[in-house]
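Sequential numbering from 1 along the given sequence is applied to the chain's residues.
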Amino acid sequence: MADVDYEGDDVEAEKVEKKDDAENGDTDEIRDRDRDDSRDRDRRDRDKDRDDSRERDRRDRDRNRDDSRDRDRDRDRDRPRGPPPDVDKMYTLKVDNLSFDTNADVLKDKFGKYGEVGDVYIPRDRYSQKPRGFAFVRFIDKRDAEDAMDAMDSKDLDGREIRVQFARHDRPKHGRGGGRYRDDRRDRYRDDRRDRYRDDRRDRYRDDRRDRYRDDRDRRR
């Protein structure tokens with residue numbers, strides 16, 4: 001019977017074991033390297049998102065600042081310069097369906113082709129200060145106002161088809177409202193406060209009477 005070479009088998013087994021250990025070590029190294037690469041990619045993505053967000057915020061701030069400056073510039077341009085004109089002797093056209101981009105200089109230039117324009121007023125929202133979409137153009141001469149109305153009605157201005165007619169009600173003489181308008185508003189405010197006070201006092205009186213009546217009824221019982 002031949003002798004079995006167990007020592008040779010042990011050596012071969014040891015070689016295989018070392019090879020497996022080397023392969024497992026390579027696998028762990030590859031896994032660690034992949035994990036590090038994944039972390040690096042995530043960090044780069046977060047940094048890129050943060051930089052993009054900061055850039056968007058900066059652009060938004062710049063755009064808002066520019067819009068605010070443009071609104072202030074338009075408001076200053078639309079504000080009457082010098083003493084207010086004597087509008088009582090002028091003839092007023094109301095221009096509807098205006099673009100928000102149309103300012104007083106544009107209106108004066110377009111309507112001034114038909115006669116002397118004494119005043120241009122573009123009402124603005126009280127809170128946002130944005131144009132409300134219509135304007136008042138005043139002419140010194142009535143015939144010039146009629147010519148401008150006939151020529152400009154239904155014309156395209158800054159991408160909008162405007163409507164022009166004689167104003168039924170004059171614009172306020174003092175910017176956001178004349179003295180009479182302010183007095184009427186103040187009177188309505190006072191009336192509302194007085195009515196609310198009376199209603200509250202009447203309600204409290206009724207509640208007190210009802211409570212006293214209930215207390216007396218409970219005591220009699």
> Can you find a pair of side-chain heavy atoms, one from Phe136 and one from Val95, that are under 4.5 Å apart?
Replying inline: no
> Considering only heavy atoms from C-beta outward, does the side chain of Leu157 approach that of Val106 to under 4.5 Å?
Replying inline: yes
> Shortest non-hydrogen contact from Pro123 to Phe134?
Replying inline: CD-O, 3.2 Å
> Looking at Ser154 and Glu161, what are the two nearest heavy atoms and their distance?
Replying inline: O-CG, 3.4 Å
>> Under the criterion side chain to side chain contact (heavy atoms under 4.5 Å, CB included), I'd like the reasoning laid out for Arg163 against Asp153: C-alpha separation, chi angles, the key distance, then a yes or no.
In response: CA-CA 5 Å; Arg163 298 187 299 273; Asp153 186 38; 4.1 Å; yes
> How long is the span from the CG atom in Asp156 to the CD1 atom in Ile162, to the nearest 0.5 Å?
Replying inline: 8.5 Å
> If you measure from OG1 on Thr92 to CD on Gln165, what distance do you get to the nearest 0.5 Å?
Replying inline: 12.0 Å
> Closest approach of Gln129 and Arg126, non-hydrogen atoms and distance?
Replying inline: NE2-O, 3.2 Å
> Can we say Asp147 and Arg143 salt-bridge, meaning some charged N sits less than 4.0 Å from an Asp/Glu carboxylate O?
Replying inline: no
> Closest heavy-atom contact between Ala148 and Leu93?
Replying inline: CB-CD1, 4.0 Å
>> Between Glu146 and Phe166, does the side chain to side chain contact (heavy atoms under 4.5 Å, CB included) criterion hold? Intermediate values first, please.
In response: CA-CA 8 Å; Glu146 293 173 344; Phe166 274 101; 3.8 Å; yes
> Which is it for Arg41 and Asp37 under the salt bridge (charged side-chain N to carboxylate O under 4.0 Å, His left out) test, yes or no, and what are the steps along the way?
Replying inline: CA-CA 6 Å; Arg41 285 195 299 271; Asp37 291 342; 5.2 Å; no
>> Working to the nearest 0.5 angstrom, can you tell me the gap between Ser38 OG and Arg43 CZ?
In response: 10.5 Å
> Measuring from Phe111:CZ to Phe139:CZ, what's the distance to the nearest 0.5 Å?
Replying inline: 6.5 Å
>> Are Ile140 and Met90 packed together at the side-chain level, in the sense that at least one heavy-atom pair is separated by less than 4.5 angstrom?
In response: yes
>> If I take atom CG from residue Asp119 and atom NZ from residue Lys108, how far apart are they, to the nearest 0.5 angstrom?
In response: 8.5 Å
> Between Arg50 and Asp47, does at least one N-O distance fall below 4.0 Å, as a salt bridge requires?
Replying inline: yes
> Heavy atoms, side chains only, cut-off 4.5 Å: are Val137 and Val164 in contact?
Replying inline: no
> When rounded to the nearest 0.5 angstrom, what distance separates CG in Asp101 from CG in Asp158?
Replying inline: 6.5 Å
>> Quick check against the 3.5 Å criterion: does Asp125 have a side-chain atom that pairs as donor or acceptor with the backbone of Lys130?
In response: no
>> I want to check something: taking the side chain as every heavy atom from C-beta on, are Thr102 and Ile122 in contact at a cut-off of under 4.5 Å?
In response: no
